[in-house]
Engineer: 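Before we start, here is the structure in question, set down as structure tokens.
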Amino acid sequence: MNFLAVIGRITVSFLQATGRLGIFGALSLYHIFTPPFYFRSLLRQMMTVGYYSLPVVGLTALFTGAALALNIFEGGSRFNAQSALPTIVVIGIVRELGPVLSGLIVAGRVSASMAAELGTMRVTEQIDAMATLSTDPFKYLIAPRIVATTLMMPLMLVVVADVIGVMGGFLIATGKLNFNAGNYMTQTMDFLEATDVYTSLSKAAVFGFFIALMGCYHGYHSRGGAQGVGISTTNAVVSACMLILLSNYIVTEIFFAS
Amino acid sequence: MTPKSVTPKISLKNLHKQFGPKTVLDSVNLDIMPGESMVIIGGSGSGKSVTLKCILGLLHPESGSIKVDGNETVGLIGSNRKKIQQKFGMLFQGGALFDSLQVWENISFGLLAQRKVNRRDAREIAIENLRLVGLSPDVAKLSPAELSGGMQKRVGLARAIASKPEIIFFDEPTTGLDPIMADVINELILQRVKEMGVTALTITHDMSSVRKIADKVAMIYDGNIIWTGSRSEVDNSGNPYIEQFIHGRADGPIQMEILKA
């Protein structure tokens with residue numbers, strides 16, 4: 001009997017959490033599309049999320065592209081398929097590694113900082129204070145963060161990650177593995193299809209939405225001082241990463257079918 | 001001596017609030033008249049802050065009614081809630097200043113967010129409000145983290161009065177301040193409240209604050225208002241709870257939940 005009770009309790013609390021998150025997400029979407037809009041906050045968030053994440057996203061992509069080229073060359077040489085290296089690198093980076101690794105890195109950077117900032121604002125009553133100043137925290141704090149991250153992930157970060165990732169592969173291939181630079185670029189461009197780019201950018205937008213949503217959700221519901229803020233920061237990063245990996249599969253499946 | 005026909009500014013009827021199984025407000029009844037300075041006293045955990053947050057709409061009571069100017073506010077959402085909220089200003093216990101913004105942006109936050117003024121005017125309004133709380137214009141461009149506790153309280157007060165509310169709430173305005181700064185803050189509250197003719201509701205456990213700023217005093221204990229009276233009646237109320245509280249005795253009808261060693 002006790003065992004059944006445990007299963008029941010886990011199920012109920014899972015459903016509760018899903019429901020709360022669903023309501024939070026719906027409310028956020030509602031507030032994104034209804035005025036007033038706070039453009040100053042939006043610009044500030046775009047700067048923090050987009051511009052300041054560039055170095056770390058760029059470095060990640062560069063080394064991933066380089067390592068991928070080495071691995072593909074090594075693996076490909078086992079059945080004389082080294083010449084497919086440029087194609088595999090560009091498809092691997094653009095369709096999968098560029099968006100997913102950027103997503104995970106940005107989740108660590110941005111979800112955590114959003115959860116910590118909103119959490120601190122919650123426990124120091126700043127969010128309550130905002131409501132008493134006739135300003136909806138959903139509009140002033142949450143909507144700009146979600147919009148900024150959902151836009152900056154595809155339009156800035158993942159575009160840059162894809163390009164630098166391919167360049168990482170290019171540098172290793174031409175510098176170390178004796179590929180001809182011109183041929184490498186031709187092959188890359190010839191085999192890259194528009195669907196690959198759509199997949200990459202769609203993933204980026206979905207990941208961006210989840211990154212900001214998790215950061216805001218956990219931060220907004222923080223309670224209990226420094227420890228509570230710490231817990232919500234951890235939860236934000238972990239749940240954002242999980243959602244990224246899960247939705248990565250789903251988006252891939254959608255584009256695979258088409 | 002208020003005639004019966006005057007509508008109370010704020011009227012609480014049978015307000016009940018609980019968190020899970022724990023009842024915080026049992027049945028709170030309280031009327032606050034226009035222009036009156038009401039102070040609610042009570043120990044930690046007696047439900048003072050929860051009462052304030054219910055009136056502000058930050059918490060939702062399980063049952064009971066909260067009327068502002070005779071209109072029911074429980075359950076209001078959206079633009080109706082916003083309309084009521086514009087009547088309120090609040091000074092939070094820890095100041096609750098937005099630390100990502102400069103002092104002047106904090107003070108004019110409500111005006112800016114509602115697009116009532118442009119940024120240049122907002123800055124001037126902020127400086128004017130800083131002057132009203134005894135701070136120099138230089139403070140305007142500092143960030144809240146650079147201010148002392150007393151200055152943060154004063155900036156919080158400036159922010160609360162900047163949008164010219166009809167009702168101002170003060171949540172433990174003197175907690176954490178030295179006695180002199182506490183008196184400065186009390187003096188400022190008194191001055192602002194009288195000058196603006198607003199209705200004030202303060203919660204505190206600081207008796208010197210009560211003696212200075214209260215017209216009326218209400219005592220909350222265990223989720224109920226157990227006594228109300230004017231400031232002059234506090235000292236000879238004949239109520240054992242009030243007696244114990246104002247003299248700060250551990251022995252009496254109010255028992256703290258402490259295990260005796």
Side-chain angles (χ1 to χ4, degrees), chain A residues 12-13 16 23 26-27 30-31 33-45 47-49 52 113-145 148 215-216 219-226 229, chain B residues 19 49-50 52-59 77-101 105-116 119 122 144-145 152 155-165 167-172:
Chain A
V12 167
S13 65
Q16 269 177 343
I23 292 171
L27 261 179
Y30 168 77
H31 285 289
F33 293 108
T34 48
F37 305 110
Y38 295 103
F39 292 108
R40 279 185 85 85
S41 310
L42 179 63
L43 284 178
R44 193 198 288 225
Q45 290 305 323
M47 196 71 182
T48 330
V49 173
Y52 291 120
S113 89
M114 285 180 181
E117 187 179 358
L118 294 193
T120 308
M121 291 186 77
R122 165 62 73 198
V123 301
T124 56
E125 296 186 306
Q126 291 180 47
I127 292 183
D128 286 341
M130 194 167 281
T132 68
L133 295 165
S134 308
T135 305
D136 195 324
F138 269 88
K139 286 209 160 64
Y140 190 85
L141 295 173
I142 293 170
R145 282 171 169 76
C216 292
Y220 191 80
H221 291 107
S222 292
R223 53 192 73 247
V229 174
Chain B
F19 292 116
S49 299
V50 174
L52 265 193
K53 288 188 173 170
C54 284
I55 302 174
L56 280 169
L58 299 174
L59 291 173
I77 50 163
S79 60
N80 291 328
R81 163 61 62 191
K82 215 168 173 181
K83 222 173 281 168
I84 293 292
Q85 227 139 27
Q86 284 175 358
K87 296 185 180 188
F88 297 120
M90 170 138 177
L91 173 59
F92 283 83
Q93 190 177 346
L97 300 176
F98 306 123
D99 38 34
S100 58
L101 301 175
E105 291 172 303
N106 264 283
I107 295 172
S108 305
F109 186 89
L111 299 169
L112 281 171
Q114 293 166 52
R115 311 279 152 79
K116 282 188 174 157
R119 287 180 73 79
Q152 288 189 356
V155 172
L157 178 59
R159 183 174 70 179
I161 62 177
S163 49
K164 302 216 180 347
I167 303 161
I168 308 183
F169 292 155
F170 301 98
D171 184 357
E172 314 225 352

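Here the structure is a predicted model, which means the values were calculated and not measured. In the text below, chain A, chain B and the rest are named by the order of the sequence lines, each starting its count at 1.
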Engineer: Check each atom of B:Leu101 against the heavy atoms of chain A and say whether the ones under 4.5 Å are side chain, backbone, both or neither.
Structural biologist: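 Looking at B:Leu101, just its side chain touches chain A.
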
Engineer: Pair up each side-chain donor or acceptor in residues 85-99 of chain B with any protein partner under 3.5 Å, not counting sequence neighbours, and list the distances.
Structural biologist:
from	atom 1	to	atom 2	distance (Å)
B:Gln85	NE2	B:Leu56	O	2.9
B:Gln86	NE2	B:Gln114	OE1	3.0
B:Lys87	NZ	B:Asp69	OD2	2.7
B:Asp99	OD2	A:Gln126	NE2	3.3

Engineer: Show me the donor-acceptor pairs within less than 3.5 Å that the side chains of residues 134-142 of chain A make with the rest of the protein, sequence neighbours left out.
Structural biologist:
from	atom 1	to	atom 2	distance (Å)
A:Thr135	OG1	A:Leu133	O	3.1
A:Asp136	OD1	A:Phe138	N	2.9
A:Lys139	NZ	A:His31	ND1	2.8
A:Lys139	NZ	A:Thr34	OG1	3.4

Engineer: Counting only heavy atoms from other residues, nucleotides and ligands, does the tally under 6.0 Å from CZ of A:Phe33 exceed 12?
Structural biologist: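 No - once you tally the heavy atoms of other residues, nucleotides and ligands closer than 6.0 Å, there are 12 at most.
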
Engineer: At a 4.5 Å cut-off on heavy atoms, which part of A:Thr132 comes close to chain B: side chain, backbone, both, or neither?
Structural biologist: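 It is both, since atoms from each part get that close.
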
Engineer: With respect to chain A, which residue among B:Arg159, B:Arg119, B:Lys53 yields the maximal number of heavy-atom pairs within a distance under 4.5 Å?
Structural biologist: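 Of the options given, most contacts go to B:Arg119.
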
Engineer: Look only at the side chain of B:Ser108 and the backbone of B:Glu105, and say whether a donor-acceptor pair between them is shorter than 3.5 Å.
Structural biologist: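 Pair absent, no side-chain N/O of B:Ser108 close to backbone of B:Glu105.
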
Engineer: In terms of heavy-atom pairs under 4.5 Å, which option from A:Ala131, A:Ala129, A:Pro36 contacts chain B the most?
Structural biologist: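 Between A:Ala131, A:Ala129, A:Pro36, the count favours A:Ala129.
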
